Amino acid sequence: MTPARRDWVDPYRAAVTAGCAAYAARAKSPPEDPLLVAAIGLRETWLGNMPGYTPRGSPDGVGDHGHGRGLFQIDDRGPFAHLIKPAPWAVEDQAAACCAALDDARHELQPYVNSARYLLGVVCAYNAGPEHVRRYLTKGWDPNRCTFGGDYGDDVLAVYHTLLSQPGWPTGVPPTPPDPPEES
């Protein structure tokens, strides 16, 4: 399981919160909970502390055999590659890129908004892509199965709930789904 280390989250908390708010304002969408975004950063790179992430401790590090960029490992081959900025890439902008990927997943998985696995699917889609997760949800399968390690969503959500339960932390913004489309 990914470590839910408050000492790794605290240095980035203000920037992640600002990035979530900035993305929500630009996209006119509900803000993501900054602690959920931090939990993704913990899973992806231990917020810069994971072995194999270089340079270790830097918000501008690289992982995934040179393709994952920054604390949230935005893939330079994926649909959000255009959001990657040259170093130094501000943590606020990295968090906004993470929010963009989550927002895209929420829209792509909209048909499952009332499913008990919707949030799990959204988090899994950050790792495996919405098209893979949609296929798994359609078949009634656990979307974790299409993620790296087979436990990505469960792990991120466990870290998220641990962060939420720590004393003295704000409760964050509940990760709510967008409004369902209006029927005509």
Side-chain angles (χ1 to χ4, degrees), residues 1-17 19-20 23 30-53 56-57 59 61 63-64 68 70-75 78 80 91 94-106 108-109 112-130 132-137 139-178:
M1 181 172 161
T2 299
R5 301 261 317 252
R6 182 177 179 161
D7 60 320
W8 289 351
V9 174
D10 280 343
Y12 299 114
R13 198 151 137 203
V16 168
T17 300
C20 291
Y23 176 77
E32 290 294 339
D33 186 332
L35 289 180
L36 178 62
V37 172
I40 289 171
L42 283 168
R43 170 64 188 232
E44 291 289 339
T45 65
W46 296 356
L47 286 171
N49 293 287
M50 182 179 276
Y53 177 80
R56 198 163 178 190
D64 191 20
L71 299 172
F72 304 98
Q73 292 295 278
I74 304 298
D75 196 310
F80 299 99
V91 174
Q94 292 182 40
C98 179
C99 290
L102 290 170
D103 192 35
D104 179 66
R106 287 184 187 282
E108 292 291 323
L109 299 176
Y112 303 95
V113 72
N114 294 320
S115 165
R117 291 187 166 178
Y118 176 71
L119 182 58
L120 174 67
V122 168
V123 172
C124 287
Y126 183 84
N127 177 258
H132 291 109
V133 170
R134 189 176 332 113
R135 211 170 314 141
Y136 275 69
L137 289 172
K139 293 180 179 183
W141 297 345
D142 179 358
N144 279 297
R145 291 177 50 194
C146 69
T147 66
F148 182 79
D151 68 346
Y152 187 90
D154 285 340
D155 188 35
V156 167
L157 291 175
V159 169
Y160 169 67
H161 289 292
T162 299
L163 292 174
L164 280 175
S165 71
Q166 293 182 1
W169 283 45
T171 57
V173 177
T176 56

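Given the structure is predicted, the values throughout are model-derived calculations rather than measurements.
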Examine distances only and state if a side-chain atom of Gln94 and a backbone atom of Pro59 form a donor-acceptor pair shorter than 3.5 Å.
yes
Are side-chain heavy atoms of Phe72 and Val16 found at a separation under 4.5 Å?
yes
Applying ring pair (Phe, Tyr, Trp, His ring centres under 6.0 Å), can you list everything that pairs with Tyr136, at least two apart in sequence or on another chain?
Trp141
Taking all atoms of both residues into account, what is the closest heavy-atom pair of Leu35 and Tyr160, and its distance?
C-CD1, 3.6 Å
Checking Ala125 now: which residues fulfil side-chain contact (heavy atoms from CB on, under 4.5 Å) with it, not counting sequence neighbours?
Ala105, Leu109, Pro130, Val133
Residues forming a salt bridge (charged side-chain N to carboxylate O under 4.0 Å, His left out) with Asp155, sequence neighbours excluded:
Arg43
Determine yes or no for a side-chain-to-main-chain donor-acceptor pair under 3.5 angstrom, with Glu44 supplying the side chain and Gln73 the backbone.
no
Could you give the distance from CG (Leu120) to CG (Leu137), rounded to the nearest 0.5 Å?
8.0 Å
Does the distance from a Lys or Arg side-chain N to an Asp or Glu carboxylate O, for Asp103 and Arg106, drop under 4.0 Å?
no
Sorted by chain and number, sequence neighbours left out, salt bridge (charged side-chain N to carboxylate O under 4.0 Å, His left out) with Arg134 holds for Glu108
Compare every heavy atom of Gly57 with every heavy atom of Tyr12, then report the nearest pair and how far apart it is.
OH-O, 3.8 Å
For Pro31 and Cys20 the tightest heavy-atom approach is CB-O, 4.5 Å
Taking the side chain as every heavy atom from C-beta outward, state whether Leu42 and Val156 have any pair of such atoms under 4.5 Å apart.
no
Return the set of residues passing side-chain hydrogen bond (donor to acceptor under 3.5 Å, both in side chains) with Asn49 (not counting sequence neighbours), or none when no residue passes.
none
Identify the two heavy atoms, one from Asn144 and one from Gly153, that lie closest to each other, and give their separation to 0.1 Å.
OD1-N, 2.8 Å
To check you understand the geometry: which heavy-atom pair defines the closest contact between Asp151 and Thr147, and what is its length?
N-OG1, 3.6 Å
State which residues pass side-chain hydrogen bond (donor to acceptor under 3.5 Å, both in side chains) with Tyr112; sequence neighbours excluded, sorted by chain then number.
Thr138
Within a strict 4.5 Å, meaning less than it, do heavy atoms of the Leu71 and Tyr53 side chains meet?
yes
Would you check if Tyr152 and Pro143 make a side-chain contact, meaning some heavy-atom pair closer than 4.5 Å?
no
